[in-house]
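Have a look at the structure below before the remarks.
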Amino acid sequence: MKMDGKTVLITGSTDGVGRYVAAKLAAAGAKVLIHGRDKVRANSLAGEIRRQGHAEPTFYPADLSSLAGTRQLAEAVLADHGRIDVFISNAGIGSRTLGAERRTSADGHELRFAVNYLSGFLLAYLLLPLLKAAAPSRIVNVASLGQHPIDFDDVMITRGYNGGRAYSQSKLSQIMFTIDLANELKGAGVTVNSLHPATYMNTTMVREGGITPISTVEQGGEAILHLAAGDDVAGRSGLFFNGMYEAQANPQAYDVTARKKLRTLSLELTGLA
Ligand SMILES: NC(=O)c1ccc[n+]([C@@H]2O[C@H](COP(=O)([O-])OP(=O)(O)OC[C@H]3O[C@@H](n4cnc5c(N)ncnc54)[C@H](OP(=O)(O)O)[C@@H]3O)[C@@H](O)[C@H]2O)c1
């Protein structure tokens, strides 16, 4: 896929692997829409891209721990653009971000479920008109190999909470949504795939978790770029990749009933129902 003249939105691109992907796509000629909360880091990325002689990205600040903030992001993008060729849903918090105790979003939802999954679910639906306008277009959901089945009796993990389970549940939710949305979008010219970029890349999320990095941001970034722009994945949809290779996700991802329950719940929680 040629990136010249393409418009790409990458959430969570002020830092980590998203920042790497944004810089690479700008260098490939894409019009890049960057997102995060931190203006200083956004300006530093925009300056880096500009100094390298590429089109300066537009920064869309938004806090995805709030559904109102997520909607504002979509509205700002919809107001400024008539098409999106690639939407990379990458923003996320780790299993130990903000400490070990259970936290909730502005809307009262378990925080990792809200930031890592629910905001991306809502954004994908709100931005669908722009993706359809750019067909063939792509959605890439940056998930993880860390996957924990959803207990539908306690999705917000009010009992026996731990950050690892919450993170892994949010990541499996992204993968289930990917399969579900791919089915819904059959024939619409919009593909949607998810991936585990790389294991313990050297990013803020990993370092603040006290984990010693074992992969580089470049490794994970190239895997994301493969799904965003690779010719070999053109037209392929509903898949999960481990790095550069197609892989199997947790069995719950292939459970039609579980996916339907998650969809119904997500539509309700986001107000899309
Ligand atoms: N690191 C790994 O080894 C690894 C492995 C598997 C999967 N992943 C996935 O890869 C993705 C990127 O992770 P990373 O390691 O690059 O993380 P990172 O360096 O910590 O960057 C996270 C990004 O998400 C944004 N973000 C976090 N909370 C947000 C919020 N409430 N609202 C808006 N933006 C928010 C941050 O922006 P601001 O700081 O500007 O708010 C930042 O740009 C995540 O989805 C993660 O789960 C990472």
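Start at 1 and go down the list; that is how both ligands and their atoms are numbered. For reference, positions follow the sequence shown, starting with 1.
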Which donor-acceptor pairs under 3.5 Å do the side chains of residues 175-182 make with protein atoms, sequence neighbours left out?
from: T178; atom 1: OG1; to: N141; atom 2: ND2; distance (Å): 2.9
from: T178; atom 1: OG1; to: Q174; atom 2: O; distance (Å): 2.7
from: D180; atom 1: OD2; to: R263; atom 2: NE; distance (Å): 2.6
from: D180; atom 1: OD2; to: R263; atom 2: NH2; distance (Å): 3.4

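Looking at G92, S95, A22, G16, it is G92 that brings a heavy atom closest to atom 22 (C) of ligand 1. For atom 26 (N) of ligand 1, the nearest non-hydrogen atom from the set R41, R37, K39 comes from R37. Taking only non-hydrogen atoms, the option from L64, I34, L45, T11 nearest to atom 32 (N) of ligand 1 is L64. Of the listed residues (N202, I214, D15), the one carrying the non-hydrogen atom nearest atom 21 (O) of ligand 1 is D15. Relative to atom 5 (C) of ligand 1, the option among A114, S65, A198, S119 with the closest non-hydrogen atom is A198.
Judged by distance alone, the side chains of R207 and N202 do bring a donor and an acceptor atom under 3.5 Å apart. For the 3.5 Å distance criterion, the side chains of T104 and E110 fail to qualify, holding no donor opposite an acceptor. Residues T204 and R41 have side chains that never bring a donor and an acceptor to within less than 3.5 angstrom of each other.
Between L33 and F87 the shortest side-chain heavy-atom distance does not fall below 4.5 Å. Between L195 and I224, some side-chain heavy-atom pair lies under the 4.5 Å cut-off. Looking at heavy atoms from C-beta onward, H109 lies in side-chain contact with L118 at the 4.5 angstrom threshold. Put simply, the side chain of D15 does not reach to within 4.5 Å of the side chain of T203, judged on heavy atoms.
The shortest N or O to N or O distance between V17 and ligand 1 is under 3.5 Å. Ligand 1 has a nitrogen or oxygen under 3.5 angstrom from a nitrogen or oxygen of M201. Among the atoms of G18, none of the N or O lies under 3.5 angstrom from an N or O of ligand 1. Close N/O approach between G12 and ligand 1 is found [any backbone or side-chain N/O within under 3.5 Å]. For T199, no nitrogen or oxygen atom sits less than 3.5 Å from a nitrogen or oxygen atom of ligand 1, counting backbone and side chain alike. Taking any N or O of P197, backbone or side chain, none lies under 3.5 Å from an N or O belonging to ligand 1. Considering backbone and side-chain atoms together, T14 places an N or O closer than 3.5 Å to an N or O of ligand 1.
More than 12 heavy atoms of other residues, nucleotides or ligands lie within 6.0 Å of OH in Y161, so this atom counts as buried by the packing criterion.
The nearest heavy-atom contact from the protein to atom 13 (O) of ligand 1 is M205 CE, 3.6 Å. With respect to atom 47 (O) of ligand 1, the closest heavy atom belonging to the protein is Y167 OH, 2.6 Å. Scanning all protein heavy atoms for the shortest distance to atom 14 (P) of ligand 1 gives T203 OG1, 3.7 Å. Regarding atom 31 (N) of ligand 1, its nearest protein heavy-atom neighbour is D63 OD1, 3.0 Å.
Every atom of ligand 1 with a heavy atom of A143 under 4.0 Å away is listed here by number and element: 6 (C), 7 (C), 8 (N), 9 (C). Atoms of ligand 1 found under 4.0 Å from any heavy atom of S13, numbered from 1 in the order shown, are 43 (O). Shown in contact with N90 at under 4.0 Å from a heavy atom are these atoms of ligand 1, numbered in order with element: 10 (O), 11 (C), 12 (C), 44 (C), 45 (O). Residue contact check: A62 has heavy atoms under 4.0 Å from atoms 32 (N), 33 (C) of ligand 1. Every atom of ligand 1 with a heavy atom of V142 under 4.0 Å away is listed here by number and element: 9 (C), 10 (O), 11 (C), 45 (O). Near H35, meaning under 4.0 Å from one of its heavy atoms, ligand 1 places the atoms 33 (C), 34 (N). For ligand 1, the atoms lying closer than 4.0 Å to a non-hydrogen atom of Y200 are 3 (O). Residue H196 approaches ligand 1 through these ligand atoms, each under 4.0 Å from one of its heavy atoms: 6 (C).
Two rings, from H226 and F241, have their centers less than 6.0 Å apart.
Here the shortest heavy-atom pairing between Q169 and V155 reads NE2-O, 2.8 Å.
A perpendicular orientation is assigned to the rings of Y125 and F121, their planes being inclined by more than 60° (bins at 30° and 60°).
With respect to the salt-bridge test (charged N to carboxylate O, under 4.0 angstrom), the residues D4 and K6 do not qualify. Between R50 and E48 there is no salt bridge, since no side-chain nitrogen of the basic residue lies less than 4.0 Å from a carboxylate oxygen of the acidic one.
Residue E208 places no heavy atom under 4.0 Å from ligand 1.
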